[in-house]
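Each ligand, and each atom within it, is numbered from 1 in the order the structure gives.
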Amino acid sequence: MTNRRGFLCGVSGALLGVGGSGCTLSPPKAASRDYFAELGLTEFINAAEPYTMLTGALMPREAVEAYVYASSRYVRLNDLHDAVGKKLAEMTGCEAAMVTAGAASGLTLGTAACVTRGESKAVQQLPDTTGLKNEVIIQKAHRYGYERAVLNCGVRFVEVETREELEGAINENTAMMLFNNTNDPDGRIKVAEFAELGKKHNVPTFDDCAADVPPKEHLWEYLNMGFDLVTVSGGKGICGPQNAGLLLGRKDLIKAARVNAPPNSRGIGRGMKVSKETLLAMLVAVEVYLQRDHDADWQEWERRVKFIADEVSKIDGIKTEMFAPPLHYHVPHLRILWDEAKLGFTAAEVKEQLRMGTPSIEVRSSPPDRIELGVWMLREGEDQIVASRLAEIMTQSA
Ligand SMILES: *Cc1c(COP(=O)(O)O)cnc(C)c1O
């Protein structure tokens, strides 16, 4: 199953005209109007992650072209949703798909689908769940910030820790079982067992994989494992529009999610509109993403990590290590460590200087005693800038 998309994998990024690796990697062109400067905004180098606060990832040129293409044409929104969904399902090998206004929106619409099953009276009454199934089972270790997007549907969580507790918690009010994929290592019930339990008891299971692509296989692996729904952010690893996401899974549930979404003005998701431009750009972003040479991307990210590590290791007392988080942002990163008392400067000071300097540089959030860099959002040549700024700051501070 890992090679389902194998027929596409031979096509290299270069063939498609995608420069370098990662998302859009060429440095920004001089614009005819410098809009951010006009607004008095400072741009920065993203040595962090595709964080929402940092405006996510950059789109490949092909996705931007699709966005512009759609911007001067009319098309019926439902027809576009149908066509894009069908194409996405084909490309990912899943039953059905839709573009949502981000993964958080995917969580809301997927939950609304499980609660209402697309039945029009139910759709119109949410978040009032009177007379509807309104319990969502979640492992205690999987509670997280984005759960709010699920609770918006008027459901309540039933917390469990063990398989026995989970099976005991299922009743006629159970609407769905929610899995927060990143927290898989923390829960007692692992991902495959969770899916299996849903199947056994005929309860829809939903896996939030928002930041867990790459690897690309996560777009279908969990569905093949037995999950009924999976949501992924558009503007993180896939490098689509930041206000897009994917909801993938069972045909009847995707259909029900659509009833809760625009253009239906009575659905709970009416405020989660996805424009034709975003719909098309997201489709093309997924196309480009699936056709990338993912091994070459990984090697390029490792090269950047090593390059920066080599530069800062020249400074006495600086230690570096390469690491890849197991699920969330599963790509090569750099960790920089030193004895703050010995060297006489703190990681917090270095981060502040990186941010306040020219160019401004953002790094990943980490424990306070270290600096951690993500290199996959860097544009061409920015690894060198990050390395020399770090070396400069550390040498001057020491
Ligand atoms: C980022 C994230 C979300 C929200 O995704 P958006 O695409 O920004 O709406 C949801 N869940 C998890 C685990 C995330 O990391």
Test log, rule side-chain hydrogen bond (donor to acceptor under 3.5 Å, both in side chains), inputs Thr182 and Tyr144 | CA-CA 10 Å; Thr182 301; Tyr144 68 137; over 6 Å; no

Residue list, ring pair (Phe, Tyr, Trp, His ring centres under 6.0 Å) with Phe307, at least two apart or on another chain = none

Kindly tell me which protein residues have any non-hydrogen atom under 4.0 angstrom away from an atom of ligand 1, grouped by chain and ordered by number?
-> Thr52, Gly102, Ala103, Ala104, Tyr144, Tyr146, Asp208, Ala210, Ala211, Ser233, Lys236, His328

Evaluation steps, ring pair (Phe, Tyr, Trp, His ring centres under 6.0 Å), between His330 and Trp376 | CA-CA 10 Å; His330 177 63; Trp376 59 324; over 10 Å; no

Any chance CG of Asp79 has more than 12 other-residue heavy atoms, nucleotides or ligands included, within less than 6.0 Å?
->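 Correct, the count exceeds 12.
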
Mutual orientation of the aromatic rings belonging to Phe194 and Phe179 [parallel < 30°, tilted 30-60°, perpendicular > 60°] =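 Judged by the thresholds at 30° and 60°, the geometry between Phe194 and Phe179 is tilted.
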
Would Arg335 and Glu321 satisfy salt bridge (charged side-chain N to carboxylate O under 4.0 Å, His left out), going step by step from the backbone distance to the final call?
-> CA-CA 5 Å; Arg335 181 175 294 133; Glu321 50 195 52; 2.8 Å; yes

